[in-house]
Engineer: 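Have a look at this one.
Here is the naming used below: chain letters follow the sequence lines, and residue numbers restart at 1 for every chain.
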Amino acid sequence: MATFTRHERLKSRKVISRLFQEGQSFAQYPLRFVWLVTPPVENVPPGSPLQFTVSVPKKRFKHAVDRNRLRRQIREAYRLHKEKLYAALPDTGNAISLMVIYTGAEALPYTIIAEAMYQALGRLSRKMLPRTDSPSAQENNVSK
RNA sequence: GCUGUAAACUGCUCUAUCGCGGCGCCAGCCAGCAAAGGCUGGCGAUGAGGAAAGUCCGGACAACGCAGAGCGCCACACCACCUAACGGGUGGGCUGCCCGGCCGGAAGGCCGGGUGGACAGCGAGUGUCACAGAAAACAAACCGCCGAUGUCCGGGUCUCCCGGGCAGGUAAGGGUGAAAUCGUGCGGUAAGAGCGCACGCCGUCGGGUAGUGAUACCCGGGGGGACAAACCUUGUGGGUUGAAAUGCCACGUACACCUCGAUCCCGUUCACGCAAGUGAAUGGGGCAGGGUUGCUCGCCUUGUGGAAGCCUAUGGUUUCCGUCGUGGGGGGUAGGCAGAUAGAUCCCGUUCGUGAGGACGGGGCUAGAUAAAUGAUAGAGGCACUGGAUCGCGCAAGCGCUGCAGUGUACAGAAUCCGGCUUAUAGGUUUACAGCAAAA
RNA sequence: GGUCCCGUAGUACAACGGAUAGUAUGCAGGUUUCCGGAACCUGAGAUCUAAGUUCGAUUCUUAGCGGGACUA
């Protein structure tokens, strides 16, 4: 379902701090994706297996209007394409935290952002799938 | 009518699909003794600005002990009024510059229009005034002018006069400079100078008239470099800190560790005791800190308790524990509720006031987020500009109407709330002024 | 959210309100050397922007732009 509710938003400062310390990342121009798989135990209170948030750096975009618009467009692109990632989620109950950072030098049209989001979520899904097939790698990740 | 400038106002609309925030109602699930609550879904209405911005001022509100004195610091600066307050606004005064007209011999003044003024005080002190120039501030002589007076030389018609030089006088003129001792005219003089007088300019003091006042006009005295966005002086105002303030709830943790400092003196009352004295309570001072405003004083406040040992023993000193505090290093949390959205509020009318604005009456108004909502996509329309087309008028240039295509539709996003200021802004509307063109 | 500070050559810093804005390093050209380095000589290069005060502004004032620090 193409919604974006309270639980699907990444809000905890703690998790975000861990995201930057331990998480993995890749770039899909003009976006950059930082993601982390967390064990299900830590995820019990909120209740959503996939949490997402956006950041647009103030350094490149001085005006709040521009930042707001980019954030809304990215969020919209995620909302319309996130089904792809849900379909690839492992059955272990692990949660995924995801932060998207806009790294473009200037504001690009929505069609380019949407295409980048579509490609990136595809890449992320492919990274998920092999892990469900090989339990050893998954245990390694969880113990970490 | 067009163009420009300034001010004020305004600053896109609709539909479809998928979404978001808080609110109300309904349903389901979770948890609970219950009340309250959490989650999910449906329906409903609702959801950024004139600057929400910059954070430059002023308040409300809150806390700090209801906050004392002096110094320091900061801000403001013609007057009156408006206002909760302001460095904001309104009206007035004075004044610089430009244009036009008039008066005067000139200096200068008056009137009208436009456009500016951080507009208290260099008539308190200190300081600065580069270069150039003789000289840049209780002074000073480069060229020039004079050489009356004194003196020297020469000559003559010899108690006097003429010529030249020196001492010296002179701030009119030249030249330098941003600026040269107020300007014009007359007198005066050897030559000159506010040296004197008349008129005028600019400050200041005293008096009178008008005005709430700034100030204006009249009379009189005394006066005449600039700079306070130089130090400063005078007057007025400011207690400090800001919603990450502050109050409450929940959760978690370490009264652990190292370091350094204070732990003293004098009294009063009561109890016990024959007494020395002991114990308890309390007051003052000192010491070590803390708080209050940057500093000082003042004020408020915390600790000043116990045990043991040594000695030269009615006392001195050392150590340990405790208490209070300084610094170091470390640990935990970073959730919720209130503050926080109806108010110096907006609109209309009447009325007072030149105006900012005030008074009265009537009516209207739920954005309240917190890793932070108000969006995305598609389509249609409106408005502006450009292009050329059809039709109408016209000889033509061109103008008008209709529809078409392209481009543009700005600046910008609430974060405790208000009043201002400043800055950004496509397009549109109105008013004022200026210029141009045409007609009467 | 709040408070404070700073903008000068490419870089790091100077300059009581006063002459052509200085020093180091870097850059360009030349001398020297077989070549390079070092050394020496010469040169180019800047006051964040806009108004104002002043005879005169890097300096003083105001507004804007940019950068940095502190505060839970």
Engineer: In this structure, are over 12 heavy atoms from other groups packed under 6.0 Å from A:Phe26 atom CZ?
Structural biologist: yes
Engineer: Taking the C1' atom of each, how far is B:C119 from B:G96, in whole Å?
Structural biologist: 12 Å
Engineer: Does B:G239 sit syn or anti, given that only angles within 90° of 0 count as syn?
Structural biologist: anti
Engineer: Rounding to an integer number of Å, can you tell me how far A:Ile74 CD1 sits from B:G19 C1'?
Structural biologist: 17 Å
Engineer: Give, for atom CG of A:Leu121 and atom CZ of A:Arg126, the distance between the pair rounded to the nearest 0.5 Å.
Structural biologist: 10.5 Å
Engineer: Could you work out the separation of B:A48 and B:C421 based on their C1' atoms and round it to a whole Å?
Structural biologist: 22 Å
Engineer: What's the spacing between A:Arg32 CZ and A:Met99 CE if we round to 0.5 Å?
Structural biologist: 12.0 Å
Engineer: Taking atom P in both B:G38 and B:C360, what distance in whole Å separates the two?
Structural biologist: 45 Å
Engineer: Is B:G32 in the syn range, within 90° of 0, or in the anti range?
Structural biologist: anti
Engineer: On a whole-Å scale, what distance lies between the C1' atoms belonging to B:A384 and B:G362?
Structural biologist: 42 Å
Engineer: Rounding to the closest angstrom, what is the interatomic distance between B:C337 and B:G21 at atom P?
Structural biologist: 16 Å
Engineer: Nearest whole Å is fine: how far is B:A373 C1' from A:Arg69 CZ?
Structural biologist: 17 Å
Engineer: Decide yes or no for A:Gln73 and A:Glu76: does some side-chain heavy atom of the first lie under 4.5 Å from some side-chain heavy atom of the second?
Structural biologist: no
Engineer: Check every atom of B:A371, B:A412, B:A373 against the side chain of A:Thr53 and return the nucleotide holding the closest atom.
Structural biologist: B:A371
Engineer: Using whole Å, report how far CD1 of A:Ile101 lies from P of B:A371.
Structural biologist: 18 Å
Engineer: Could you tell me how far apart A:Asp66 (CG) and B:A53 (C1') are, to the nearest whole angstrom?
Structural biologist: 13 Å
Engineer: Could you state the atom-to-atom distance from CZ of A:Arg67 to C1' of B:U374 in whole Å?
Structural biologist: 18 Å
Engineer: Determine the interatomic distance between P on B:G192 and the same-named atom on B:G185; round to the nearest Å.
Structural biologist: 14 Å
Engineer: Pick the C1' atom in B:A171 and in B:C145, then give their distance to the nearest Å.
Structural biologist: 12 Å
Engineer: Taking atom C1' in both B:G349 and B:G435, compute the distance separating them and give it to the nearest angstrom.
Structural biologist: 44 Å
Engineer: About how many Å separate OG1 of A:Thr53 and CZ of A:Arg71, when rounded to the nearest 0.5 Å?
Structural biologist: 9.0 Å
Engineer: On RNA chain B, compare the nucleotides closest to A:Pro109 and A:Arg72; which residue's is nearer the 5' end?
Structural biologist: A:Arg72
Engineer: Is B:G108 in the syn or the anti form, by the rule that syn lies within 90° of 0?
Structural biologist: anti
